[in-house]
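The structure under discussion appears below in the form of C-alpha coordinates.
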Amino acid sequence: MDSLLPLNLPSSPLLPSRIVVAGPCSAESREGMLACAEAMAACGVIGAVRAGAWKPRTRPGSFEGYGAPALDWIRRAALAARVPSGTEVATPEHVREAAAAGIDFLWIGARTSANPFAMQELADAIAEICPDKGVLVKNPLNPDIELWVGALQRLYMAGVRRLGAIHRGFSVYNSHPYRNAPLWQIPLQLHRRYPHLPLLHDPSHTGGSRELIAPLSQAALDLGFDGLMIECHTAPDEAMSDGGQQITPTELASILSSLHVRTGREAGEQLDALRLQIDELDNELLMLLSRRMHLTDSIGECKKLNDMPVLQPERYRRLLSLLLERGPEYDLNTEFLKHLLELVHEESVRRQLAIINKL
Ligand code: PEP
Ligand code: MN
(Lines give C-alpha, C1' and ligand atoms only; values in the text may rest on other atoms or scores of the structure.)
(Ligands and ions follow the chains in the order given, each with its own letter.)
Protein backbone atom coordinates (compact mmCIF):
# COMPACT_ATOMS: atom_id res chain seq x y z
CA MET A 1 0.00 0.00 0.00
CA ASP A 2 2.60 2.56 -1.05
CA SER A 3 0.55 4.92 -3.19
CA LEU A 4 -2.33 6.02 -1.00
CA LEU A 5 -4.28 9.21 -1.71
CA PRO A 6 -5.40 11.66 0.99
CA LEU A 7 -8.68 10.89 2.74
CA ASN A 8 -9.82 14.50 2.42
CA LEU A 9 -11.40 14.62 5.85
CA PRO A 10 -10.97 18.01 7.53
CA SER A 11 -9.68 18.37 11.06
CA SER A 12 -11.84 19.65 13.89
CA PRO A 13 -11.62 23.36 14.82
CA LEU A 14 -11.24 22.19 18.43
CA LEU A 15 -8.56 19.63 17.67
CA PRO A 16 -6.21 21.18 15.15
CA SER A 17 -4.41 18.80 12.80
CA ARG A 18 -6.51 15.80 13.86
CA ILE A 19 -9.51 14.36 11.99
CA VAL A 20 -12.71 14.26 14.02
CA VAL A 21 -15.67 12.33 12.62
CA ALA A 22 -18.72 12.58 14.88
CA GLY A 23 -22.44 11.93 14.83
CA PRO A 24 -25.10 9.57 16.06
CA CYS A 25 -24.73 5.80 16.06
CA SER A 26 -27.72 5.65 13.71
CA ALA A 27 -29.60 8.24 11.69
CA GLU A 28 -32.95 8.24 13.48
CA SER A 29 -34.84 11.03 11.67
CA ARG A 30 -34.28 13.89 9.24
CA GLU A 31 -34.80 16.46 12.04
CA GLY A 32 -32.67 14.62 14.60
CA MET A 33 -29.79 14.31 12.15
CA LEU A 34 -29.96 17.98 11.23
CA ALA A 35 -30.20 19.13 14.85
CA CYS A 36 -27.16 17.03 15.79
CA ALA A 37 -25.00 18.22 12.88
CA GLU A 38 -25.94 21.86 13.44
CA ALA A 39 -25.23 21.64 17.16
CA MET A 40 -21.86 19.97 16.49
CA ALA A 41 -20.99 22.67 13.95
CA ALA A 42 -22.04 25.43 16.37
CA CYS A 43 -19.73 23.99 19.07
CA GLY A 44 -16.92 23.72 16.51
CA VAL A 45 -16.40 20.01 17.06
CA ILE A 46 -16.40 18.52 13.55
CA GLY A 47 -14.67 17.50 11.06
CA ALA A 48 -17.06 15.24 9.33
CA VAL A 49 -20.50 13.84 10.12
CA ARG A 50 -21.08 10.13 10.66
CA ALA A 51 -24.28 8.12 11.12
CA GLY A 52 -25.36 4.58 10.41
CA ALA A 53 -28.17 3.91 7.93
CA TRP A 54 -27.80 0.12 8.17
CA LYS A 55 -26.97 -1.07 11.69
CA PRO A 56 -25.37 -4.47 12.16
CA ARG A 57 -26.94 -5.67 15.40
CA THR A 58 -25.77 -8.69 17.32
CA ARG A 59 -29.27 -10.07 17.85
CA PRO A 60 -32.38 -9.93 15.67
CA GLY A 61 -35.31 -7.86 16.77
CA SER A 62 -33.39 -4.71 17.69
CA PHE A 63 -33.43 -1.52 15.63
CA GLU A 64 -31.46 -2.12 12.44
CA GLY A 65 -31.47 1.38 10.99
CA TYR A 66 -33.80 3.12 8.55
CA GLY A 67 -31.76 2.02 5.53
CA ALA A 68 -31.56 3.93 2.26
CA PRO A 69 -34.01 6.76 3.18
CA ALA A 70 -31.66 7.75 6.04
CA LEU A 71 -28.83 8.48 3.59
CA ASP A 72 -30.42 11.73 2.47
CA TRP A 73 -30.87 12.84 6.11
CA ILE A 74 -27.18 12.23 6.73
CA ARG A 75 -26.04 14.03 3.58
CA ARG A 76 -28.28 17.07 4.16
CA ALA A 77 -27.26 17.35 7.80
CA ALA A 78 -23.56 17.32 6.83
CA LEU A 79 -24.23 19.82 4.07
CA ALA A 80 -25.85 22.18 6.58
CA ALA A 81 -22.76 21.82 8.80
CA ARG A 82 -20.53 22.31 5.71
CA VAL A 83 -18.58 19.11 6.27
CA PRO A 84 -18.39 15.72 4.50
CA SER A 85 -20.83 12.92 5.35
CA GLY A 86 -20.04 9.26 5.94
CA THR A 87 -21.91 6.04 6.60
CA GLU A 88 -21.24 2.33 7.11
CA VAL A 89 -21.59 -0.03 4.16
CA ALA A 90 -21.70 -3.80 4.42
CA THR A 91 -22.94 -4.97 1.00
CA PRO A 92 -22.48 -3.89 -2.65
CA GLU A 93 -26.11 -2.67 -2.58
CA HIS A 94 -25.26 -0.35 0.33
CA VAL A 95 -22.35 1.03 -1.70
CA ARG A 96 -24.61 1.67 -4.70
CA GLU A 97 -27.21 3.43 -2.55
CA ALA A 98 -24.71 5.48 -0.56
CA ALA A 99 -22.98 6.63 -3.75
CA ALA A 100 -26.30 7.48 -5.42
CA ALA A 101 -27.31 9.52 -2.35
CA GLY A 102 -24.09 11.55 -2.52
CA ILE A 103 -22.51 10.31 0.73
CA ASP A 104 -18.89 11.54 0.72
CA PHE A 105 -17.00 8.76 2.50
CA LEU A 106 -17.71 5.21 3.63
CA TRP A 107 -16.64 3.03 6.49
CA ILE A 108 -16.64 -0.71 6.85
CA GLY A 109 -17.68 -2.10 10.22
CA ALA A 110 -15.95 -4.58 12.48
CA ARG A 111 -18.30 -7.45 11.64
CA THR A 112 -17.72 -7.01 7.91
CA SER A 113 -13.94 -6.49 7.96
CA ALA A 114 -13.72 -9.90 9.70
CA ASN A 115 -15.23 -11.63 6.67
CA PRO A 116 -12.95 -12.01 3.63
CA PHE A 117 -15.81 -12.93 1.24
CA ALA A 118 -17.84 -9.86 2.22
CA MET A 119 -14.69 -7.71 2.02
CA GLN A 120 -13.88 -8.88 -1.51
CA GLU A 121 -17.42 -8.17 -2.71
CA LEU A 122 -17.32 -4.73 -1.12
CA ALA A 123 -13.87 -3.92 -2.51
CA ASP A 124 -15.00 -4.85 -6.04
CA ALA A 125 -18.22 -2.85 -5.69
CA ILE A 126 -16.47 0.27 -4.38
CA ALA A 127 -13.80 0.05 -7.08
CA GLU A 128 -16.52 -0.15 -9.73
CA ILE A 129 -19.00 2.40 -8.36
CA CYS A 130 -16.98 5.03 -6.51
CA PRO A 131 -13.21 4.30 -6.49
CA ASP A 132 -12.38 7.88 -5.43
CA LYS A 133 -14.34 7.88 -2.20
CA GLY A 134 -12.51 7.72 1.10
CA VAL A 135 -12.98 4.35 2.80
CA LEU A 136 -12.22 3.72 6.47
CA VAL A 137 -11.84 0.14 7.61
CA LYS A 138 -12.62 -0.70 11.23
CA ASN A 139 -10.56 -3.42 12.85
CA PRO A 140 -12.23 -6.85 12.72
CA LEU A 141 -13.95 -8.03 15.90
CA ASN A 142 -11.22 -10.59 16.58
CA PRO A 143 -7.70 -9.48 17.50
CA ASP A 144 -6.09 -10.54 14.25
CA ILE A 145 -3.96 -7.91 12.55
CA GLU A 146 -3.64 -9.98 9.35
CA LEU A 147 -7.40 -9.95 8.89
CA TRP A 148 -7.40 -6.15 9.24
CA VAL A 149 -4.49 -5.79 6.82
CA GLY A 150 -6.17 -8.25 4.45
CA ALA A 151 -9.36 -6.17 4.39
CA LEU A 152 -7.36 -3.03 3.54
CA GLN A 153 -5.34 -4.89 0.91
CA ARG A 154 -8.47 -6.18 -0.83
CA LEU A 155 -9.63 -2.56 -1.27
CA TYR A 156 -6.20 -1.36 -2.34
CA MET A 157 -5.73 -4.16 -4.84
CA ALA A 158 -9.18 -3.50 -6.31
CA GLY A 159 -8.01 0.09 -6.96
CA VAL A 160 -9.40 2.02 -3.95
CA ARG A 161 -6.63 4.41 -2.84
CA ARG A 162 -8.22 6.82 -0.33
CA LEU A 163 -7.92 4.49 2.62
CA GLY A 164 -7.83 4.84 6.37
CA ALA A 165 -8.19 2.55 9.40
CA ILE A 166 -10.31 2.86 12.53
CA HIS A 167 -9.33 1.14 15.75
CA ARG A 168 -12.50 0.28 17.73
CA GLY A 169 -11.16 -2.35 20.11
CA PHE A 170 -11.46 -6.14 19.98
CA SER A 171 -14.09 -8.55 21.16
CA VAL A 172 -12.28 -10.76 23.67
CA TYR A 173 -13.41 -12.67 26.72
CA ASN A 174 -13.31 -10.40 29.76
CA SER A 175 -12.50 -6.98 28.27
CA HIS A 176 -13.58 -5.17 31.45
CA PRO A 177 -13.81 -2.16 31.86
CA TYR A 178 -14.05 -1.80 28.10
CA ARG A 179 -16.80 -2.97 25.79
CA ASN A 180 -13.99 -4.04 23.45
CA ALA A 181 -10.42 -4.47 24.65
CA PRO A 182 -8.18 -1.75 23.15
CA LEU A 183 -5.11 -4.02 22.64
CA TRP A 184 -3.21 -0.93 21.49
CA GLN A 185 -0.29 -3.02 20.25
CA ILE A 186 -2.39 -4.14 17.25
CA PRO A 187 -3.14 -0.67 15.78
CA LEU A 188 0.44 0.36 16.59
CA GLN A 189 1.71 -2.62 14.65
CA LEU A 190 -0.52 -1.56 11.74
CA HIS A 191 0.95 1.94 11.98
CA ARG A 192 4.49 0.57 11.92
CA ARG A 193 3.70 -1.45 8.79
CA TYR A 194 1.87 1.37 7.00
CA PRO A 195 3.05 4.70 8.44
CA HIS A 196 1.15 6.68 5.76
CA LEU A 197 -2.19 5.03 6.36
CA PRO A 198 -4.38 7.45 8.41
CA LEU A 199 -5.31 5.79 11.70
CA LEU A 200 -8.32 6.90 13.74
CA HIS A 201 -9.48 5.72 17.15
CA ASP A 202 -13.14 5.09 18.04
CA PRO A 203 -13.41 5.53 21.81
CA SER A 204 -17.20 5.07 21.72
CA HIS A 205 -17.19 1.44 20.57
CA THR A 206 -13.94 0.63 22.37
CA GLY A 207 -15.05 1.95 25.74
CA GLY A 208 -18.79 1.42 25.43
CA SER A 209 -19.46 4.10 28.03
CA ARG A 210 -19.39 7.89 28.17
CA GLU A 211 -16.82 8.08 30.97
CA LEU A 212 -14.21 6.25 28.91
CA ILE A 213 -14.37 8.56 25.87
CA ALA A 214 -12.01 11.24 27.23
CA PRO A 215 -9.27 8.93 28.60
CA LEU A 216 -9.31 6.67 25.52
CA SER A 217 -9.17 9.67 23.17
CA GLN A 218 -6.22 11.11 25.08
CA ALA A 219 -4.43 7.76 25.00
CA ALA A 220 -4.93 7.57 21.23
CA LEU A 221 -3.57 11.10 20.74
CA ASP A 222 -0.59 10.33 22.99
CA LEU A 223 0.16 7.32 20.80
CA GLY A 224 0.09 9.49 17.67
CA PHE A 225 -3.27 8.54 16.10
CA ASP A 226 -4.44 10.83 13.28
CA GLY A 227 -7.95 11.36 14.56
CA LEU A 228 -11.09 10.17 16.31
CA MET A 229 -14.51 8.82 15.42
CA ILE A 230 -16.95 9.59 18.23
CA GLU A 231 -20.66 8.91 18.61
CA CYS A 232 -22.64 12.06 19.39
CA HIS A 233 -26.40 12.50 19.86
CA THR A 234 -28.55 15.45 20.97
CA ALA A 235 -30.39 13.19 23.46
CA PRO A 236 -28.17 10.16 24.10
CA ASP A 237 -30.47 8.59 26.67
CA GLU A 238 -33.22 8.34 24.07
CA ALA A 239 -30.97 7.00 21.30
CA MET A 240 -32.26 3.97 19.38
CA SER A 241 -28.86 2.25 19.50
CA ASP A 242 -25.70 2.54 21.63
CA GLY A 243 -27.27 5.13 23.97
CA GLY A 244 -24.90 4.48 26.86
CA GLN A 245 -21.81 5.43 24.89
CA GLN A 246 -23.12 8.54 23.12
CA ILE A 247 -22.52 12.09 24.31
CA THR A 248 -24.13 15.44 23.48
CA PRO A 249 -22.46 17.95 21.16
CA THR A 250 -21.68 20.16 24.17
CA GLU A 251 -20.07 17.27 26.04
CA LEU A 252 -18.10 16.42 22.93
CA ALA A 253 -16.90 20.01 22.66
CA SER A 254 -15.79 19.98 26.27
CA ILE A 255 -13.92 16.68 25.85
CA LEU A 256 -12.20 17.82 22.65
CA SER A 257 -11.06 21.08 24.24
CA SER A 258 -9.64 19.17 27.20
CA LEU A 259 -7.48 16.92 24.98
CA HIS A 260 -3.83 17.63 24.53
CA VAL A 261 -2.25 17.13 21.12
CA ARG A 262 1.50 16.65 21.29
CA THR A 263 2.90 18.47 18.29
CA GLY A 264 6.61 18.58 19.20
CA ARG A 265 8.84 17.34 16.38
CA GLU A 266 12.41 18.08 17.49
CA ALA A 267 13.54 17.43 21.04
CA GLY A 268 17.12 18.45 20.31
CA GLU A 269 20.40 17.17 21.64
CA GLN A 270 19.11 15.68 24.86
CA LEU A 271 16.88 13.21 23.01
CA ASP A 272 19.67 12.39 20.54
CA ALA A 273 22.03 11.60 23.41
CA LEU A 274 19.46 9.35 25.11
CA ARG A 275 18.75 7.54 21.85
CA LEU A 276 22.45 6.95 21.35
CA GLN A 277 22.58 5.23 24.73
CA ILE A 278 19.53 3.13 23.84
CA ASP A 279 21.16 2.08 20.56
CA GLU A 280 24.26 0.97 22.45
CA LEU A 281 22.21 -0.98 25.00
CA ASP A 282 20.19 -2.65 22.23
CA ASN A 283 23.45 -3.77 20.67
CA GLU A 284 24.61 -5.16 23.98
CA LEU A 285 21.28 -6.95 24.39
CA LEU A 286 21.76 -8.60 21.01
CA MET A 287 25.28 -9.69 21.89
CA LEU A 288 24.16 -11.06 25.24
CA LEU A 289 21.27 -12.93 23.67
CA SER A 290 23.58 -14.41 21.09
CA ARG A 291 26.06 -15.52 23.76
CA ARG A 292 23.21 -17.01 25.77
CA MET A 293 21.91 -18.94 22.75
CA HIS A 294 25.38 -20.33 22.01
CA LEU A 295 25.64 -21.57 25.60
CA THR A 296 22.20 -23.09 25.17
CA ASP A 297 23.49 -24.92 22.10
CA SER A 298 26.41 -26.36 24.11
CA ILE A 299 23.96 -27.52 26.78
CA GLY A 300 21.92 -29.12 23.99
CA GLU A 301 25.04 -31.06 22.89
CA CYS A 302 25.57 -32.24 26.49
CA LYS A 303 21.94 -33.38 26.76
CA LYS A 304 22.28 -35.25 23.50
CA LEU A 305 25.48 -36.94 24.65
CA ASN A 306 23.84 -37.99 27.92
CA ASP A 307 20.56 -38.95 26.29
CA MET A 308 18.65 -36.44 28.43
CA PRO A 309 15.28 -34.89 27.47
CA VAL A 310 15.46 -31.25 26.36
CA LEU A 311 12.79 -30.03 28.74
CA GLN A 312 13.89 -29.92 32.37
CA PRO A 313 10.74 -28.42 33.92
CA GLU A 314 12.08 -28.32 37.48
CA ARG A 315 15.17 -26.32 36.53
CA TYR A 316 13.10 -23.98 34.35
CA ARG A 317 10.57 -23.32 37.13
CA ARG A 318 13.39 -22.58 39.62
CA LEU A 319 15.16 -20.26 37.20
CA LEU A 320 11.97 -18.40 36.30
CA SER A 321 10.87 -17.87 39.88
CA LEU A 322 14.35 -16.72 40.95
CA LEU A 323 14.53 -14.16 38.16
CA LEU A 324 10.94 -13.00 38.63
CA GLU A 325 11.59 -12.42 42.33
CA ARG A 326 14.45 -10.11 41.41
CA GLY A 327 12.41 -8.18 38.85
CA PRO A 328 11.16 -5.42 41.18
CA GLU A 329 14.73 -4.84 42.42
CA TYR A 330 15.58 -3.81 38.85
CA ASP A 331 12.35 -1.88 38.33
CA LEU A 332 11.10 -4.43 35.81
CA ASN A 333 7.41 -5.20 35.43
CA THR A 334 6.76 -8.84 36.41
CA GLU A 335 4.38 -9.58 33.51
CA PHE A 336 6.87 -8.15 31.03
CA LEU A 337 9.76 -10.08 32.52
CA LYS A 338 7.78 -13.32 32.53
CA HIS A 339 6.85 -12.83 28.90
CA LEU A 340 10.44 -12.10 27.93
CA LEU A 341 11.92 -15.05 29.83
CA GLU A 342 9.32 -17.40 28.38
CA LEU A 343 10.22 -16.24 24.88
CA VAL A 344 13.91 -16.78 25.50
CA HIS A 345 13.21 -20.20 26.98
CA GLU A 346 11.00 -21.22 24.04
CA GLU A 347 13.76 -20.26 21.61
CA SER A 348 16.34 -22.21 23.65
CA VAL A 349 14.12 -25.29 23.58
CA ARG A 350 13.64 -24.92 19.82
CA ARG A 351 17.42 -24.77 19.27
CA GLN A 352 18.13 -27.71 21.54
CA LEU A 353 15.46 -29.83 19.83
CA ALA A 354 17.16 -29.11 16.52
CA ILE A 355 20.51 -30.16 18.04
CA ILE A 356 19.39 -33.45 19.57
CA ASN A 357 17.57 -34.40 16.37
CA LYS A 358 20.58 -33.65 14.19
CA LEU A 359 22.17 -36.81 12.88
C1 PEP B 1 -20.70 1.98 14.36
O2 PEP B 1 -19.70 2.69 14.12
O3 PEP B 1 -21.82 2.44 14.58
C4 PEP B 1 -20.51 0.52 14.46
C5 PEP B 1 -21.50 -0.35 14.30
O6 PEP B 1 -19.26 0.20 14.77
P7 PEP B 1 -18.45 -1.20 14.83
O8 PEP B 1 -18.45 -1.76 13.44
O9 PEP B 1 -17.13 -0.72 15.28
O10 PEP B 1 -19.14 -2.08 15.84
MN1 MN C 1 -22.71 2.47 17.42
Side-chain angles (χ1 to χ4, degrees), residues 9 19-28 32-33 36 46-60 62-67 70-71 73-74 77-78 85-91 94 98 103 105-115 118-119 122 134-144 147-148 151-152 164-172 175 178-183 186-187 190 199-210 212-213 216-217 220 225 227-248 252:
L9 292 180
I19 296 168
V20 175
V21 181
C25 178
S26 26
E28 298 173 357
M33 223 21 254
C36 183
I46 40 172
V49 166
R50 65 145 279 155
W54 300 278
K55 300 304 303 173
R57 306 308 297 275
T58 307
R59 294 181 43 193
S62 23
F63 172 64
E64 292 187 330
Y66 284 109
L71 296 169
W73 311 340
I74 302 170
S85 56
T87 201
E88 173 176 347
V89 288
T91 67
H94 293 167
I103 295 289
F105 68 96
L106 309 172
W107 84 81
I108 294 169
R111 291 153 191 82
T112 311
S113 65
N115 179 340
M119 270 315 304
L122 270 177
V135 181
L136 295 158
V137 181
K138 290 202 169 194
N139 66 256
L141 291 175
N142 31 334
D144 180 348
L147 211 48
W148 199 2
L152 287 154
I166 305 177
H167 165 237
R168 48 79 80 202
F170 300 88
S171 180
V172 297
S175 57
Y178 307 104
R179 176 176 172 188
N180 292 291
L183 308 180
I186 296 181
L190 183 74
L199 178 59
L200 274 60
H201 173 62
D202 173 345
S204 312
H205 291 89
T206 304
S209 71
R210 290 168 200 159
L212 291 171
I213 289 177
L216 281 168
S217 301
F225 277 59
L228 302 166
M229 178 186 259
I230 302 182
E231 287 191 335
C232 179
H233 192 288
T234 45
D237 289 328
E238 288 153 34
M240 298 171 86
S241 56
D242 284 352
Q245 67 190 33
Q246 303 206 59
I247 50 176
T248 65
L252 179 55

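Note that ligands are numbered from 1 as they come in the structure, with each ligand's atoms numbered from 1 the same way.
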The Mn ion (ligand 2) -> Asp242, closest N, O or S atom is OD2
Q.
For ligand 1, which is the ligand I care about here, please tell me if Lys55 has any N or O atom under 3.5 Å from one of the ligand's N or O atoms.
A. yes
Glu88 heavy atoms within 4.0 Å reach ligand 1 at atoms 4 (C), 5 (C)
On a heavy-atom basis, the closest approach of Ala70 and Ala53 is CB-CB, 4.1 Å
- Item | Beyond-backbone contact of Ser204 with Met229, side-chain heavy atoms, under 4.5 angstrom | no
Report task. Describe, in one word, how the ring planes of His167 and Trp148 are oriented to each other, choosing from parallel (under 30°), tilted (30 to 60°) and perpendicular (over 60°). Result -> tilted
Whether the His233 and Asp242 side chains hold a donor-acceptor pair (N or O, under 3.5 Å, no angle test) is what I'd like checked.
no
One should read off an interatomic distance between Leu122 CG and Leu106 CG, to the nearest 0.5 angstrom, of 9.0 Å
Point to revise | Arg50 vs Glu88, salt bridge (Lys or Arg N to Asp or Glu O under 4.0 Å): CA-CA, chis, key distance, verdict | key: CA-CA 9 Å; Arg50 65 145 279 155; Glu88 173 176 347; over 6 Å; no
The atom of Glu231 among N, O or S that is nearest the Mn ion (ligand 2) is OE2
At under 4.0 Å between heavy atoms, what of Arg111 touches ligand 1? The answer is side chain
Contact between ligand 1 and Glu231 is defined here as a heavy atom of the residue under 4.0 Å from a ligand atom; is it met?
yes
Vertex the Mn ion (ligand 2), ends His205/NE2 and Cys25/SG: angle to nearest 10° comes to 170°
Atoms of ligand 1 under 4.0 Å from any heavy atom of Ala110, numbered from 1 in the order shown, are 8 (O)
Ligand 1 atoms nearer than 4.0 angstrom to some heavy atom of Gly109 are 8 (O)
heavy-atom search around atom 4 (C) of ligand 1 in the protein gives His205 NE2, 3.4 Å
In terms of its nearest heavy atom to atom 6 (O) of ligand 1, the top option of Lys138, His167, Arg168 is Lys138
Heavy-atom donor-acceptor pair, Glu28 side chain to Met240 backbone, under 3.5 Å: yes
- Ignoring hydrogens and angles, tell me if any N or O in the side chain of Ser241 forms a donor-acceptor pair with the backbone of Cys25 under 3.5 Å. no
Quick check: Asp242 and ligand 1, any N/O pair under 3.5 Å apart?
no
